[in-house]
S.K.: 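Below you will find the structure I want to go over with you.
Note that the structure is predicted; figures quoted are calculated from it, not measured. FYI, side chains are in, hydrogens and waters are out, and symmetry mates aren't considered; it's all heavy atoms of this structure. All chains are named by letter (A, B, ...) in the order of the sequence lines, taking the proteins before the strands, and each is independently numbered beginning at 1.
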Protein chains: 2
Amino acid sequence: MRHEMHLTIETVCFALTEGRLQVLLVKRTGEPFSGAWALPGGQIQLDEPFDAAAQRILSESAGVWGVYLEQLYTFGDPGRDPRGRSVSVTYYALMPAMSVGSGMRTARPGPGWSAAEWHPVDQLPGPLAFDHGRIVSYARWRLSQKISYSPLAFHLLPENFTMSDLRGVYEAIVGEEYDPSNFTRQMLARWDLAPVPGTRDRRSRRPARLYRYIGPREIPGSPDSLDEIEMETEPALDPASSESETRD
Amino acid sequence: MRHEMHLTIETVCFALTEGRLQVLLVKRTGEPFSGAWALPGGQIQLDEPFDAAAQRILSESAGVWGVYLEQLYTFGDPGRDPRGRSVSVTYYALMPAMSVGSGMRTARPGPGWSAAEWHPVDQLPGPLAFDHGRIVSYARWRLSQKISYSPLAFHLLPENFTMSDLRGVYEAIVGEEYDPSNFTRQMLARWDLAPVPGTRDRRSRRPARLYRYIGPREIPGSPDSLDEIEMETEPALDPASSESETRD
DNA sequence: GGTAATAATAGTCATTAGTACCATGTACCG
DNA sequence: CGGTACATGGTACTAATGACTATTATTACC
């Protein structure tokens with residue numbers, strides 16, 4: 001079986017531009033789905049952890065690196081790749097808004113792809129290759145769920161940000177509008193936010209205060225950051241008696 | 001590379017007995033970790049969906065079937081198996097309390113295992129094989145998180161149950177005690193619960209009312225139950241192409 | 001400069017949700 | 001038959017939320 005099964009990594013990379021959630025896509029050059037947009041993806045190397053592979057693939061195929069990564073789901077339905085059984089461990093990635101258009105993290109296609117571009121997630125350029133549309137849908141849904149109990153939003157913002165910035169992230173992801181005053185109150189209550197002295201001139205009217213998130217960067221308990229939670233185990237007594245004994 | 005990578009499925013199967021959360025373990029007979037307890041697991045067949053594989057493996061290795069399944073995480077760190085690169089797509093399973101000890105779903109070891117038993121999750125019989133201890137920890141943590149926003153608890157109960165039963169599930173999983181009165185009020189507000197006429201004689205004092213959960217069995221949006229969420233796409237213009245072979 | 005426009009921030013208040021706790025009902029057990 | 005245990009009902013207090021108004025600091029424009 002293992003000879004015929006392909007294992008790949010695909011990453012849904014998100015960033016916020018102009019108040020809209022964007023996803024990073026690359027254009028395929030080979031069959032099948034030649035010419036279609038797809039998620040940056042590729043094969044895992046033999047001695048490479050998943051996260052490292054995802055980072056590498058993202059940088060090789062789209063010129064983007066240094067993102068925050070979290071495993072999303074593993075898709076393995078027979079038939080999702082017309083060539084044969086294919087298993088994709090998928091990740092989603094978040095990167096700060098400013099990094100997108102500004103120089104070093106501009107998307108550009110790597111070898112094997114003819115283009116790499118950011119696209120608004122609610123306005124994709126046609127159906128994606130394979131089941132990648134479904135993967136994007138699910139990533140987006142997960143994002144919208146998880147942002148309420150995990151400090152994901154701060155990975156989409158630069159180190160210092162205003163409450164408007166933060167509100168923009170929530171509004172883009174959740175798709176609802178929030179009252180600025182109530183929103184600020186809730187954020188200050190929920191997260192560890194430290195005020196930063198200066199103000200960033202957003203050429204708006206009244207200058208907005210700057211904040212910095214100083215809490216944990218991810219929710220404790222995730223397997224990426226699992227510190228082998230304390231677990232009481234009995235000393236392994238009796239490795240001998242090995243009969244089928246049903247407990248309870 | 002694909003020749004050297006193993007892909008397996010492991011399942012953390014939970015059930016509640018005597019108010020404690022139990023996990024289903026099997027005892028290994030082969031190296032490595034011969035004689036150690038491990039999660040029921042095995043290889044995926046070439047044309048088999050993950051869920052089907054998990055159900056099959058659970059029934060083959062531990063004699064248990066018909067459980068509720070949800071994908072947990074995919075573990076693929078190099079070094080997690082001393083024999084070489086191994087990737088495990090893990091699931092967690094939930095089954096009603098009554099099924100455990102009662103006949104048809106008694107745990108019993110399949111070929112290749114010397115034992116199959118339920119063990120209290122906070123009192124495991126020594127360190128588990130491979131990184132399975134870590135997997136159990138994570139499954140348990142996920143369960144404790146997800147029970148608050150997903151109707152997981154009802155998969156651990158028979159069709160009809162009392163509020164005490166339900167409260168027992170929450171207390172075993174979350175590890176806190178709840179005020180019976182407040183708990184009932186919250187459950188009735190959060191979930192779709194229909195009262196069932198009779199009462200089950202739990203030989204307690206005052207007979208408790210029976211309820212049945214009539215809402216959706218899993219949270220909508222999960223990829224297992226994804227109905228290809230609506231997504232506006234522009235028509236795919238420019239299907240120009242070239243060569244090269246990139247997989248996904 | 002004066003003033004309108006705009007968005008940030010502050011504050012108010014009614015409603016809702018959450019928590020602690022007491023009261024009563026209905027069994028079982030001496 | 002009274003005591004105990006647990007299910008259920010209810011009440012009062014507190015915290016969180018949401019809708020709304022007010023104030024403030026800046027820019028744009030005249």
Side-chain angles (χ1 to χ4, degrees), chain A residues 16 18-19 97 144-145 147-151 153-154 157-158 160-213 215, chain B residues 16 18-20 97 144-145 147-151 153-154 157-158 160-213:
Chain A
L16 209 69
E18 298 157 16
S144 72
Q145 300 290 307
I147 197 177
S148 64
Y149 61 90
S150 177
F154 308 108
L157 291 173
N160 298 335
F161 52 86
T162 68
M163 279 298 169
S164 285
D165 297 336
L166 185 57
R167 186 156 41 87
V169 172
Y170 275 77
E171 291 180 344
I173 288 178
V174 180
E176 288 179 30
E177 297 223 326
Y178 296 94
D179 176 85
S181 179
N182 294 338
F183 180 84
T184 299
R185 176 159 32 102
Q186 286 189 348
M187 290 298 115
L188 290 175
R190 191 181 311 276
W191 309 112
D192 287 335
L193 296 176
V196 175
T199 74
R200 193 181 63 238
D201 207 341
R202 253 166 59 82
R203 76 187 68 114
S204 73
R205 315 308 162 178
R206 175 175 174 174
R209 232 170 258 172
L210 287 178
Y211 293 91
R212 177 179 308 193
Y213 175 71
Chain B
L16 208 69
E18 296 158 17
R20 300 179 73 184
S144 73
Q145 299 291 306
I147 198 177
S148 64
Y149 60 89
S150 177
F154 308 108
L157 290 173
N160 298 335
F161 51 87
T162 68
M163 280 296 170
S164 285
D165 297 335
L166 186 56
R167 185 156 42 87
V169 173
Y170 275 77
E171 291 179 343
I173 288 178
V174 180
E176 288 178 30
E177 298 224 325
Y178 296 94
D179 176 84
S181 179
N182 295 338
F183 180 84
T184 298
R185 176 154 35 94
Q186 288 188 347
M187 289 297 114
L188 289 176
R190 190 182 311 277
W191 309 111
D192 287 335
L193 296 177
V196 175
T199 73
R200 194 181 63 239
D201 209 338
R202 254 167 58 83
R203 77 190 69 115
S204 72
R205 315 307 163 178
R206 174 175 174 175
R209 227 169 262 174
L210 287 178
Y211 293 91
R212 176 179 308 193
Y213 175 70

S.K.: Does CD in A:E18 sit with more than 12 non-hydrogen atoms of other residues, nucleotides or ligands closer than 6.0 Å?
M.R.: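 Check fails, neighbour count at 12 or below.
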S.K.: In chain order, what residues pass the ring-ring contact (aromatic ring centres under 6.0 Å, His included) check against B:Y170, with sequence neighbours excluded?
M.R.: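 By the ring-ring contact (aromatic ring centres under 6.0 Å, His included) rule, B:Y170 matches B:F183.
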S.K.: In whole angstrom, what separates B:D179's CG from D:dT11's C1'?
M.R.: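 Going from B:D179 (CG) to D:dT11 (C1'), I get 13 Å.
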S.K.: Select from A:R209 and A:R185 the residue whose nearest nucleotide in DNA chain C is closer to the 5' end of that strand.
M.R.: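 Here A:R209 is the residue nearer the 5' end.
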S.K.: Here's a test of your reading of the structure: between A:S181 and B:S181, which maps to the more 5' nucleotide of DNA chain D?
M.R.: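 Looking at DNA chain D, the more 5' nearest nucleotide goes with B:S181.
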S.K.: Quick one: does B:R206 reach the base of C:dA27 with a side-chain donor-acceptor pair under 3.5 Å?
M.R.: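 It does not, because no donor-acceptor pair links the side chain of B:R206 to the base of C:dA27 below 3.5 Å.
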S.K.: D:dC6 P sits how many Å from B:D165 CG, rounded?
M.R.: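 In whole Å, D:dC6 P and B:D165 CG are 14 Å from each other.
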S.K.: Using whole Å, report how far CE of B:M187 lies from C1' of C:dA17.
M.R.: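 These atoms are roughly 14 Å apart.
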S.K.: Take A:N182 and B:N182, find for each the nucleotide of DNA chain C with the closest heavy atom, and name the residue whose nucleotide sits nearer the 5' end.
M.R.: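 It is A:N182, whose closest nucleotide lies nearer the 5' terminus.
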S.K.: In whole Å, what is the span from the CD atom of B:E176 to the C1' atom of C:dA20?
M.R.: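 After rounding, the reported distance stands at 15 Å.
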S.K.: Could you tell me how far apart A:E177 (CD) and D:dC20 (P) are, to the nearest whole angstrom?
M.R.: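 Rounding to the nearest Å, CD of A:E177 and P of D:dC20 are 14 Å apart.
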S.K.: List for me each residue that meets ring-ring contact (aromatic ring centres under 6.0 Å, His included) alongside A:F154, sequence neighbours excluded, and say none if there are none.
M.R.: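 With neighbours one apart ignored, the set is A:F161, A:W191, A:Y213.
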S.K.: Take atom CZ of A:R200 and atom P of C:dA8, then tell me their distance rounded to the nearest Å.
M.R.: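 Answer to the nearest Å: 11 Å.
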S.K.: Rounded to whole Å, how long is the line connecting atom CZ of B:F183 with atom P of D:dG9?
M.R.: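 Taking atom P of D:dG9 as the reference, CZ of B:F183 is at 15 Å.
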S.K.: Report the distance from atom CD of A:Q186 to atom C1' of C:dT16, rounded to the nearest whole Å.
M.R.: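 Roughly 14 Å, once rounded to whole Å.
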S.K.: Does a side-chain N-to-carboxylate-O contact under 4.0 Å join B:D179 and B:R167?
M.R.: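 Salt bridge between B:D179 and B:R167, a charged N being under 4.0 Å from a carboxylate O: no.
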S.K.: Whether B:R167 contacts D:dT8 is assessed here as follows: a side-chain N or O lying under 4.0 Å from the phosphate OP1 or OP2. Is that the case?
M.R.: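 For D:dT8, neither OP1 nor OP2 has a side-chain N or O of B:R167 closer than 4.0 Å.
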